[in-house]
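Throughout, a chain's letter reflects where its sequence line sits, starting with A, and its residues are numbered from 1.
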Amino acid sequence: MKRSESLSFPLCLTFLLFEVLFLALGCTSPKKPEVVAYVSEDQVFSEPILKDFEKETGIVVRAVFDTEEAKSTGVMNRLLAEKENPQADLYWANEPIRAEFLKQRGISEPYASPSAEGIPAAFKDPDHNWTGFSARARVLIVNNKASRKPASVEAYLDPAFKGRTAIANPLFGTTTAYAAALFSLWGEDRMKAFFDGMKRNGVKITGSNGESADLVAGGECDFALVDSDDAFNRSKQGKAVIMIVPDQGRREPGVLLLPNAALIIKGGPHPENARKLMDYLLSKETERKLAFADCAQIPLHSGVEMPSYVPRIDALKLMPVDIAGVARKMEAVQPYLKSWSGY
Amino acid sequence: MGKQGALRVVFALWTLNALLPVLAMIERSLTPGGHLSFSAYGRLFFWGREWNLLESSLGLALATAVVTGILGLALSLLLARTDIPGRGILSVLFVLPLLLPPTILAYGWSALLERDGLLGKIWGPSGTAFLFSSRGGVLVLAASFLPLILLFTMTSLLSANPRLEEAARLSAKAPRILFAITIPQSAPALLTGCLLVFCLVLGETGAPTFLRVNVFAVESLAQFSAFYDFSSATAAAMPLLLITLLAFWGLHRLRAHRAAALQPVPTGTGLRRIRLGQLRPWFFLPVILLWTALAGLPLLALLIRSLEPAAFAEALTRGGASFGRSLLYAGLGATLVLFFGFLAGYGRADGTLGYGAEAIPLFLFALPGSVLGIGLISLWNRPATGSIYGSPMILLLGLLAQYMVLGVWVTRSALTFIPRSMEEAAAMAGASSISRLTRITIPLASKGLVASWLLAFLFCLRDTGLAMVVYPPGRETLPVRLFTLMANGKPALISALCILILLSAAVPFGALALLFAKSRS
């Protein structure tokens, strides 16, 4: 009798423990309509937009946000791992290369949103697998006390800035996209010569664009190539920095514009609500909100109300690159960047 | 099937839960193109720099383990075995950094040392040059993981059998007793703590990346983040896992002899504290200075940054729900870890379970959270198991897999000090297994069990590697929210969230302080 007691006690307790946890934490069926969004755009900027969508439509947004710690690719890895049984309905990418990558892996579903009308074709997938909206630019954040103000990314090679510049590790995020864009525009040899030259000139390789911006804001560096939201943000925090849109001269390559991108996940659980959220994200109103937010993103629709400090897209000389082409170059350029960054 | 069978079945259940996702990942790494291939492993050391990275990682991990080991032993002795003033508060202060991911401490240091920071104005660029180097890496990681050594060693020192010291006191003076008896008694716990620190530093990516120290663990992260290559990411995690298992094997060899030589004998008397007399302030001063240097200054920087009128209100608005969820998940995760860890430790202590009961949990502990997370998704994200995958259960299963080693090791350490003869006598008197377990073993090991739960709670609370991969949509934890808001979040908001994380440990820390206070009385 006692032996059977000893047999069942730990086992029964184990099952009881899991039973209780399962009942306590298990999913209850949702009473309200919902949509599951995976989001790589910074949470401080994206969450208010999603909250507004909830208020206006009554559809609850259950979001998974990306982190700096995972180099903003945690969500991407999750989407890839969940491919056979998708949990997400929509992906809000903070740059279109990832959206293009997901399209190439067969994870997205075409959807021609009516809100996408008026967005230039260069920022949309021709097959409607993803659509761009509200762009960031790759800009130079410059410390006010810097002896000279750079006007081009080629200032990274200037001996006057030796050891006084920073760039985020090009193995991750938008710096990879920039390297791939240069690869696409300049060709392999010139791009590599540029990166090797940067290294010879003592560029500091940081973990993220935010860290690069902080190094400039803290006075450790004179300038860094970052996303425009990083630069605006430091400026708004009262740091002694200015933002320079680089390479606007006649013979210079122009500024790289990286829009957000929204795409519908193929086989997601709430396709109808996903389309509603996509329409909302691509709307002029969302672009207006993101222009007035601290990220100061550049609207792609024409005629969107925006603050004076946000550059108008038609006033910029843009780097002439094709997103799908850049996405393809990324794979080719990464082994070199891995070696360049020391990994 | 009796007690032994039941323990084996429980451990087998845990092993299934923990190892199946990992095996799925290993299988994936060996079949990258759908057929058997070692290409993911072959590529690993194709270039010489991988060896350099491995060397850098080993150097960083070894230096941090040695520094934390030396500091941890000295501090544990002072806090647990002397009458140094304020030892309860000092214990809590030293454990605080464990609550924050090391990146946050690095962030705090960076705020101090930047040109306009509190120390930056004094030290200038030399301060940042120090921080952004491998020496800075050792400083930040030692401050982060020193609490682990303290928790292990202090628990061991407080649970030690005083009779050996009492006997020695008849013929030896205090210093000799310290070096010949007290320190050797706590050596297994100290070495275990050092091994855990070594493993944690080997797998750490956030702080080294922030401090620009190149380490091998970033290989796995890069494969995930830059190449989305799960096969190579798993392969890249393997060298560090092998090193961890080798270190465990070495420790096991060492600990087996120690444990055999230190079979305790029951006694009714408590531990005698070393009286520092007039030297008390002279011991207190360096201890508080050490805490200030390691943790106080970066935490102060975070506190100062958080002191903006709206920062805490915004932190509560944005992170309030996550705050509650984190406490709930960490509490449940720690309870699971304690439950399974206790049974595995119990089985290990009485010989029912073999070395695997320690080695497998250690393997899981050293595995990058991202690898385990992707493995959990591969295993559980199916229509039939959607109710588990779509709920926080998936996170709890992951936490149980990753942190069970804390339950096993602390429990086993506590059980080492309970003489087998007590259970044997009870068995002869007719007590059932359950009675022996609940009336003898658990009460006698209670301090160790509480320490085990607290340690597991802290790790579950601070976890980001696993949580950021598997948390259910809309149900993120506070550390995950901290990291998601770090991208362009206001520094005051980020700092306020860090302070909230620290506060979230107030309840278990209060329990810890009470435990120590009780042991003092």
Side-chain angles (χ1 to χ4, degrees), chain A residues 2-3 5-11 13-14 17 21-22 25-27 36 42-45 62-74 76-78 80-82 84-85 87-88 101 171-172 176 204-207 210-211 214 218-220 229-230 233 237 294-295 334 338-339 342-343, chain B residues 1-3 5-7 9-10 13 47 49 53 103 110 114-116 128 206 209-210 212 214 218-219 221-222 224-228 230 332 336 339 343 370 374 377-378 381-383 387 390-393 396 432-434 464 468-469 471 473-474 476 480 483-491:
Chain A
K2 275 168 186 164
R3 286 198 73 77
E5 210 181 353
S6 68
L7 154 78
S8 54
F9 178 66
L11 280 176
L13 210 54
T14 306
L17 198 61
L21 286 175
F22 187 72
L25 300 173
C27 275
V36 178
D42 295 344
Q43 186 178 6
V44 279
F45 308 133
R62 289 174 57 214
V64 170
F65 294 99
D66 233 331
T67 64
E68 284 269 284
E69 180 90 338
K71 304 292 161 210
S72 297
T73 55
M76 274 288 284
N77 283 309
R78 204 160 158 160
L80 291 167
E82 291 176 349
E84 302 306 323
N85 187 32
Q87 301 293 311
F101 184 84
L171 209 48
F172 308 111
T176 321
K204 291 185 175 78
I205 303 169
T206 65
E211 279 176 49
D214 286 336
E220 303 301 316
D229 50 6
D230 297 302
N233 207 266
Q237 287 167 17
D294 284 354
C295 53
Q334 271 167 330
K338 189 167 184 280
S339 154
Y343 288 112
Chain B
M1 186 166 65
K3 181 185 83 177
L7 288 175
V9 170
V10 172
L13 281 175
W47 290 298
R49 67 175 171 277
L53 287 174
T103 315
S110 172
E114 68 183 17
R115 193 183 277 180
D116 299 328
T128 44
T209 308
F210 185 89
R212 292 171 228 146
N214 291 347
V218 178
E219 272 290 325
L221 177 72
F224 268 128
S225 301
F227 299 95
Y228 311 117
F230 299 163
L332 292 173
L336 282 174
F339 177 76
L343 291 177
S370 47
I374 298 289
I377 294 175
S378 308
N381 182 28
R382 295 157 199 275
S387 53
S391 78
M393 275 296 286
L396 293 183
S432 68
S433 298
I434 302 167
T464 50
M468 67 175 67
V469 181
Y471 78 84
E476 74 281 20
V480 168
F483 277 113
T484 56
L485 285 170
M486 266 182 89
N488 278 318
K490 290 177 196 153

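Taking every heavy atom of both residues into account, A/F65 and B/Y471 meet most closely at N-OH, 2.8 Å. Across all non-hydrogen atoms, the minimal contact from B/P383 to A/N85 is N-ND2, 3.6 Å.
Looking at residues two or more places apart in sequence or on another chain, you find a side chain to side chain contact (heavy atoms under 4.5 Å, CB included) between B/P473 and A/V36, A/Y38, A/R62, A/V64, A/R78. Take A/D294 and apply the side chain to side chain contact (heavy atoms under 4.5 Å, CB included) test, not counting sequence neighbours, and it matches A/F45, A/N233, A/K236.
For B/L485, the parts sitting under 4.5 Å from any heavy atom of chain A are the backbone and the side chain alike. Only the side chain of B/T128 comes within contact range of chain A, judged by heavy atoms closer than 4.5 Å. A/E82 touches chain B through backbone and side chain together, each having a heavy atom under 4.5 Å away. Both the backbone and the side chain of A/A81 come within contact range of chain B, judged by heavy atoms closer than 4.5 Å.
For the pair B/V469 and A/N77, the minimum side-chain heavy-atom distance is 4.5 Å or more.
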